[in-house]
Structure formats: C-alpha cells, structure tokens
> 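My questions all concern the structure below.
Keep in mind that the numbers below use all heavy atoms, side chains included, and drop hydrogens, waters and symmetry copies.
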Amino acid sequence: MTPKEIEKYKQAGKIAGNIKKFIRGYVKEGILLTEIAKTIQEKIEEAGAIAAFPPTLSIDDIAAHHHPTPDETTKASGIIKVDFGVCVDGYIADTAITLDLTKDNRHKELIEASQLALNKVIELLPSNPTIHEIGKLVQETIESKGFSPIVNLSGHSLGLWNVHAGITIPNYANDNHKHLEPGAYAIEPFATDGEGKIYQGDSGNIYEIINDKNPRSPKAREILSYVREKYKTLPFGLIEIIEKFGPMAKLALRELEQQDIIRLHSTLVEKSNGLVAQSEHTVLILEGGEIIITTKEE
C-alpha cells in the first residue's frame, strides 16, 4: 500500500469518525429514519467525500441493510444499528455503531458484547492472527457475555470502489488458517440474544449495478449514467434517486432490475427475531504488521 493510498484511507476514516461522533448526539428516539439517512449522507458530502453505500438504519431484529424509503414513517427506536461508509476517491472507510434508544438502557449488555469483541480483535491484529483465530475470539467474547454471534454475517476486505472485496472475516471459528494480507478490512462483530443466523427480509432500498448493459428508456439511462459517474461500482440508495429524478424513477429502477442491470438488496433479519447489536471499524494492515484504525471518533 502506497503512502498516497494510506492517506486516502485515513481521510475517509477521519470523516467517518467525526460523523460517528455526531451520530451519537444526533440520533434520538422518535426521529424519522429518512431524516437520519439523509443527514448522514449530507454530512459525508459536506466533508468532500461520497457515501460508500446508502446509510443503513436497522432496528431491533433487523441486523443490517435497511435504508428507508423517501416517504417512510418509521422512527428511530429500540436498539438501532447505524452503518455507513465514507469513500474518498475510491478508498473506503466502513463503520457502524449501535445505539440503545430505550429509556431504561435495557440493551446495554448486548451492545457491550459486540463492542468488546471488536476491541479484542483490534488488540489481537498486531500478532498476525489467522482468520480462524479472529473468528474464534469474536465467538468466545460474545458467548462469554451470554449472547450469540451471527454466524452468517461477517467482516470483509475493502477494495478500490469495492465495499466487499472478496475476503470474509467470520464471527465464529471457521477453520480458515490463512493470515490477513496487507490491505484494508472492515471488522464487524454482530451479537444477538437470538439464534445467531439471519435471513433475507423485505427490500432494503439499496441497489447495485451488476451488468454493463444499457436500458431502453431514457429515464433509466439517465439514472444509470448518474450512478456510474458518481458511484462507479458502489451501491446506491432509493432516497437519492427519487429526490433527484422524481417519482417516475421507481419505474425506471424496476426496468433496470427486470433487465438484470441492477440488483436490489434485501434487509437481513435475525432468524428467531432476536435483537441484534453491531460494532464496526475499518483497519489497515500494512507491511511489517502495522495496524491503523481509520474510524475512531475524534
């Protein structure tokens, strides 16, 4: 990794850390999810970056991937995961926090389980652990607090304009005895009081280009051109497209789906409807074993 690449990651991480600090003071019970998502995206762009994926706001048993619709009336409540990414010239910092919005702070221990697992992995990384050892540590830490890791959600490598770059970092001991090569990685333990597995739920209102074909209708071509120019291969969200292109954009998105040009992502829901907490940092593993955490709050 070159000094220029490291600096780009650091820039993205600094922006992410500052926004995460803002989120802790901003997100309160009763605020519309749509307003929260729009505010986070605006903060990212005000800082001179773009969202690496649409900000997701997943409540209670929804583990991940809920980006609200423009007219959604859902309000922040319960235990809410705020997951967002910052992209600077293709270099990505991916981060997430979980907030307990209940008056009696009843989800404190669940949140602490995922956060402790994250902290312990970061402490372990300088010793060059295997992927198995990382997953084992996450699993044992979460289970020691009386909860379960979600075994079919994982951390992942980050690439240029690529949020999921091929390498997965499990939240359980999976017998993968390879070591992490130098690069950027999102470490994200998920803890639950449920079964520890997720399934695909309803639409998450997040889209991703999967094919280079051009659509037939002018509106669909216009949307696709906008996304390709701004986000390259990154996911994009319904709120931004509807606000920029109007209500008819929904039909254009449907056309793009039907022609297998874009894919719509689903929410990810805990199988037994257990509550879920998530904690996430992006780390850089450099030659010589140096570890840089890019998304600390400042």
> Does atom CE of M248 have more than 12 heavy-atom neighbours, drawn from other residues, nucleotides or ligands, at distances under 6.0 Å?
no
> Report yes if the distance between the aromatic ring centroids of Y226 and F236 is under 6.0 Å, otherwise no.
no
> Decide yes or no for I285 and I291: does some side-chain heavy atom of the first lie under 4.5 Å from some side-chain heavy atom of the second?
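With C-beta onward as the side chain, the pair touches.
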> Using a 4.5 Å cut-off on heavy atoms from C-beta on, say whether the side chain of L116 contacts that of L118.
no
> Between E243 and K38 (salt bridge meaning N to carboxylate O under 4.0 Å), is one present in this structure?
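Answer for the salt bridge query: yes.
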> So, K244 and E240, do they make that salt bridge, N to O below 4.0 Å?
no
> Would you mind checking if K120 and E140 are paired as a salt bridge, meaning a charged N to carboxylate O distance below 4.0 Å?
no
> Return the orientation label for the Y91 and Y9 ring planes: parallel under 30°, perpendicular over 60°, tilted otherwise.
perpendicular
> Just by modelled atom types, is the E270 backbone N or O under 3.5 Å from a matching donor or acceptor in the D61 side chain?
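Not confirmed, D61 side chain does not pair with E270 backbone.
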> Of the options K81, H265, E72, which is the one that meets H66 in a side-chain hydrogen bond (donor to acceptor under 3.5 Å, both in side chains)?
E72
> Answer yes if the side chains of N119 and Q115 hold a donor-acceptor pair under 3.5 Å, and no otherwise.
yes
> Any donor-acceptor pair under 3.5 Å linking the side chain of E35 with the backbone of L32?
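No, because the side chain of E35 does not come within donor-acceptor range (under 3.5 Å) of the backbone of L32.
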> So for atom CD, which belongs to Q200, do other residues, nucleotides or ligands contribute more than 12 heavy atoms lying within a distance under 6.0 Å?
no
